[in-house]
Structures are given as C-alpha cells and as structure tokens.
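Here's the structure, in structure tokens; my notes come after.
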Protein chains: 2
Amino acid sequence: MINSRLAVAIHIMILIASNPLEHMSSEFIAKSVNTNPVVIRRITSMLKKAGLLTSHAGRTGAKLTKNPEDITLLDIFKAVEPKDELFAIHENPNPNCPVGKNIQSALDSTFTRVQKAMEDELSSQSLKDVMGHFLQ
Amino acid sequence: MINSRLAVAIHIMILIASNPLEHMSSEFIAKSVNTNPVVIRRITSMLKKAGLLTSHAGRTGAKLTKNPEDITLLDIFKAVEPKDELFAIHENPNPNCPVGKNIQSALDSTFTRVQKAMEDELSSQSLKDVMGHFLQ
DNA sequence: TTATATGTAACTATTATAGTTACAAATATA
DNA sequence: TATATTTGTAACTATAATAGTTACATATAA
C-alpha cells in the first residue's frame with residue numbers, strides 16, 4: 001500500500017482552496033487531518049518545492065499557485081512521492097540464465113504501462129473534481 | 001514504491017512456464033532471481049494459495065494450473081499483495097471540520113478510480129505477454 | 001535407508017513512515 | 001521596540017513492512 005502522503009496532501013490543498021480568505025495555520029490544518037503540525041509543514045514543504053503553493057516563514061497560511069481546476073492529482077502525487085517507479089524490480093538477476101538475463105527489461109516495459117495507466121487516471125482528476133464530492 | 005514481490009513472482013512463473021518438463025527447485029529459481037531459496041518458497045506459497053500453481057512438500061518443482069495466456073498480471077499481483085487498497089487514507093480526520101468530515105469518502109471514490117485504472121491495465125497483460133518480451 | 005526438497009516458523013537487518021521535540025529565523029502584534 | 005506567533009527544518013523515536021537468513025519437521029525420491 002502506498003503511504004498516506006497523497007491523502008494528506010489533498011486534504012491540505014482542499015483546506016487552503018476552500019478558505020482563500022482565511023489563513024490556515026499548520027496547527028489548524030493538523031487538527032483537521034488529526035496529526036502533528038510538523039507533519040503538515042513537511043508535506044506543505046514538498047508541495048511548495050513542486051510549485052503548487054507559496055508560503056513564508058513566520059507568516060500564517062499558504063496560497064495555491066493555480067486554480068483547483070488546473071491542479072491534477074498527478075501534480076500532487078509527484079510532489080509528495082520522490083520515487084519515479086511504481087513497482088520495485090529485484091536487483092542483479094542471474095545474467096547466465098535466459099530468464100534472469102532478460103527479466104528486468106521485460107518487467108520494465110510491463111510496469112511502465114501499468115504506471116502510465118495509473119498516472120493517466122491521476123492526471124484526469126483535478127483538485128476541483130475531488131472538492132466536488134463535498135457538494136453531495 | 002510497491003515491493004518487489006510482483007517482480008519476483010512473475011520471474012518465478014516465467015521460469016516454471018518456460019521449463020514445463022524440468023522440475024525447477026527453489027534453489028535453482030533463487031539463483032536466477034539472486035535471492036535466498038526461502039524467499040522463493042514464500043512467494044511460491046502465496047501463488048499456490050491463490051490457485052496459480054501446484055507443488056508438494058519433498059517433491060521438486062511446481063506446475064502452473066493454467067496456461068500462461070490465461071494468467072493475468074492482476075492474478076499474480078493479488079496473490080502476492082494482501083492489501084486491498086492501493087493508497088492509504090489517514091485515520092480519524094476531524095468530524096467537526098467540513099473538510100475533515102467528508103475527506104475520507106471523497107478520497108475513497110477518487111482512489112478507487114485510480115486503483116481500477118491500474119488493475120485494468122494489470123489484467124490486460126497476461127503472463128504470456130510478458131514472456132513475449134524475451135523473443136525480441 | 002539415505003539424501004534432498006518443500007513448507008513454515010522464527011529471528012535479524014534494513015528501510016520507510018509518521019509522530020514528536022526542539023529551535024532558529026521570519027513575521028505579526030501589542 | 002518588545003513580545004508572541006508561525007514557518008521551516010533538523011534530529012530523534014516508535015512502528016511496521018520487507019527481504020534475507022537459520023533451523024527443522026515432514027514428504028518424497030534415489
């Protein structure tokens with residue numbers, strides 16, 4: 001199972017997007033998410049490095065750099081997931097075995113297709129789409 | 001990143017499928033994968049429980065229960081991945097916050113679609129398809 | 001009867017994750 | 001200006017998953 005950073009990051013982004021006038025502190029967000037404020041600041045920092053929001057030391061709150069309809073879940077996922085590959089492939093299979101020799105490249109093309117299917121679906125959903133679930 | 005069990009399981013299945021007459025011991029397979037025989041027996045045990053192969057204590061080797069073209073990567077993935085959900089969702093968000101109250105169900109429908117996209121692609125590729133990469 | 005293989009429990013090492021404390025630096029407020 | 005608050009980040013901890021390993025009972029083959 002993939003970690004909960006994507007879930008928490010989406011939660012953070014929705015809180016900021018839903019309250020454009022209020023300044024949401026990491027402590028306030030942490031209470032909504034039910035975690036420690038540092039966990040929020042850590043994920044917010046990743047979102048900031050990815051260019052999805054702006055924030056400043058000492059100044060309460062953060063702002064999205066784009067409208068929710070222009071932010072995809074893939075943008076958020078890539079911001080909080082440093083690893084490029086979805087599936088791990090075992091290292092150093094035996095090059096003297098016909099299967100061991102070719103398995104990595106075979107798995108690579110196979111897994112690339114699966115990862116692309118996942119990323120295509122993530123990029124088809126915007127932050128606004130997720131917020132739409134709240135309007136029943 | 002998702003663990004390497006799917007990669008190793010596919011490697012095991014291909015070795016068995018490619019050598020239907022030879023009896024591949026866990027030690028032989030382990031040398032091809034470059035790991036410990038117990039790791040192979042552990043994953044083989046999961047594949048057996050999922051009904052994808054048969055094996056017997058004391059008897060060298062294992063046999064696939066279906067033809068490679070009738071085994072999908074989703075079959076193998078589900079065999080070696082006990083968790084049902086692809087993405088984790090944080091627990092106990094604040095029910096007194098409008099966002100915290102609804103985030104889990106919103107994420108659930110969102111993540112379900114992403115997981116389905118991944119599983120659809122996994123089920124579209126058979127073990128035989130992966131073996132096809134070996135014939136250049 | 002002896003050797004070999006599977007199946008599985010149990011233990012270890014490594015790593016990722018998430019929570020926590022602490023604090024410097026920046027900003028806001030009185 | 002002085003004080004309080006907040007962000008950003010380092011550092012530490014606890015927990016869990018993963019993969020590797022040893023050990024051994026049981027089943028099968030030679």
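Order of the sequence lines sets the chain letters (A, B, ...), proteins ahead of strands, with each chain counted from 1.
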When rounded to whole Å, the CZ to P distance for the pair A/Phe28 and D/dT7 reads 13 Å
Return all side-chain donor-acceptor pairs below 3.5 angstrom for residues 56-64 of chain B, not counting sequence neighbours, or 'none' if the list is empty.
none

Just jot down the side-chain contact (heavy atoms from CB on, under 4.5 Å) partners of A/Ala9, sequence neighbours excluded, or say none.
-> A/Ile43, A/Leu47, A/Ile76, A/Val80
Is B/Ser26 near enough to C/dT6 that one of its side-chain N or O atoms lies under 4.0 angstrom from OP1 or OP2?
-> yes
Set of ring pair (Phe, Tyr, Trp, His ring centres under 6.0 Å) partners for B/Phe28, sequence neighbours left out = none
Measure the distance from NE2 on B/His23 to P on C/dT6 and round it to the nearest whole Å.
-> 11 Å
Show each protein N/O and nucleotides 15-21 of chain D N/O combination with a separation under 3.5 Å, one pair to a line.
residue : atom : partner : partner atom : Å
D/dT18  : OP1  : B/Asn3  : ND2          : 2.8
D/dA19  : OP1  : B/Ser4  : N            : 2.8
D/dA19  : OP1  : B/Ser4  : OG           : 2.4
D/dG20  : OP2  : B/Thr35 : OG1          : 2.5
D/dG20  : N7   : B/Arg42 : NH2          : 2.8
D/dG20  : O6   : B/Arg42 : NH1          : 3.3
D/dT21  : OP2  : B/Asn36 : ND2          : 3.4
D/dT21  : O4   : B/Arg42 : NH1          : 3.2

Name the residue closer to the 5' end of DNA chain C, choosing between B/Glu27 and B/Lys49 according to the nucleotide with the nearest heavy atom.
-> B/Glu27
Quick one: side-chain hydrogen bond (donor to acceptor under 3.5 Å, both in side chains) partners of A/Thr44, sequence neighbours excluded?
-> none
Atom CD of B/Glu27 with >12 non-hydrogen neighbours under 6.0 angstrom = no
Quick one: side chain to side chain donor-acceptor pair (under 3.5 Å) pairs with a partner in residues 5-22 of chain A, sequence neighbours left out?
-> A/His11-A/Ser32, A/His11-B/His90
Find the distance B/Met46:CE to C/dT8:P and express it as a whole number of Å.
-> 11 Å
Kindly write out the residues that satisfy side-chain hydrogen bond (donor to acceptor under 3.5 Å, both in side chains) with A/Asn36, not counting sequence neighbours, or none if the list is empty.
-> none
In whole angstrom, what separates A/Lys63's NZ from D/dT7's C1'?
-> 16 Å
Check the distance between D/dT6's P and A/Met24's CE and give it to me in whole angstrom.
-> 13 Å
Set of residues satisfying side-chain contact (heavy atoms from CB on, under 4.5 Å) with respect to B/Lys49, sequence neighbours excluded = B/Ser45
Indicate whether OP1 or OP2 belonging to D/dG8 is found under 4.0 Å from a side-chain N or O atom of A/Lys48.
-> yes
Phosphate-side-chain proximity, A/Ser45 and D/dT7, N/O vs OP1/OP2 below 4.0 Å = no
What residues form a salt bridge (charged side-chain N to carboxylate O under 4.0 Å, His left out) with B/Glu85, not counting sequence neighbours?
-> none
What are the atom names and distances for every N/O pair under 3.5 Å that joins the protein to nucleotides 23-30 of chain C?
residue : atom : partner : partner atom : Å
C/dA28  : OP1  : A/Arg59 : NE           : 3.4

Quantified as the angle between the terminal helix axes (five pairs each), what is the overall bend of the helix from C/dT1-D/dA30 to C/dA30-D/dT1 to 10 degrees?
-> 10°
Considering all heavy atoms of both residues, which atom of B/Ala88 and which atom of B/Phe111 are nearest to each other, and what is their separation?
-> O-CE1, 4.1 Å
Could you check how far CZ of B/Phe87 sits from P of C/dA18, rounded to whole Å?
-> 13 Å
Rounded interatomic separation in angstrom, taking CD1 from B/Ile16 and P from C/dT6 | 10 Å
Salt bridge (Lys or Arg N to Asp or Glu O under 4.0 Å) contacts in which one or both residues fall within residues 95-117 of chain B, not counting sequence neighbours | A/Glu121-B/Arg113, B/Lys116-B/Asp120
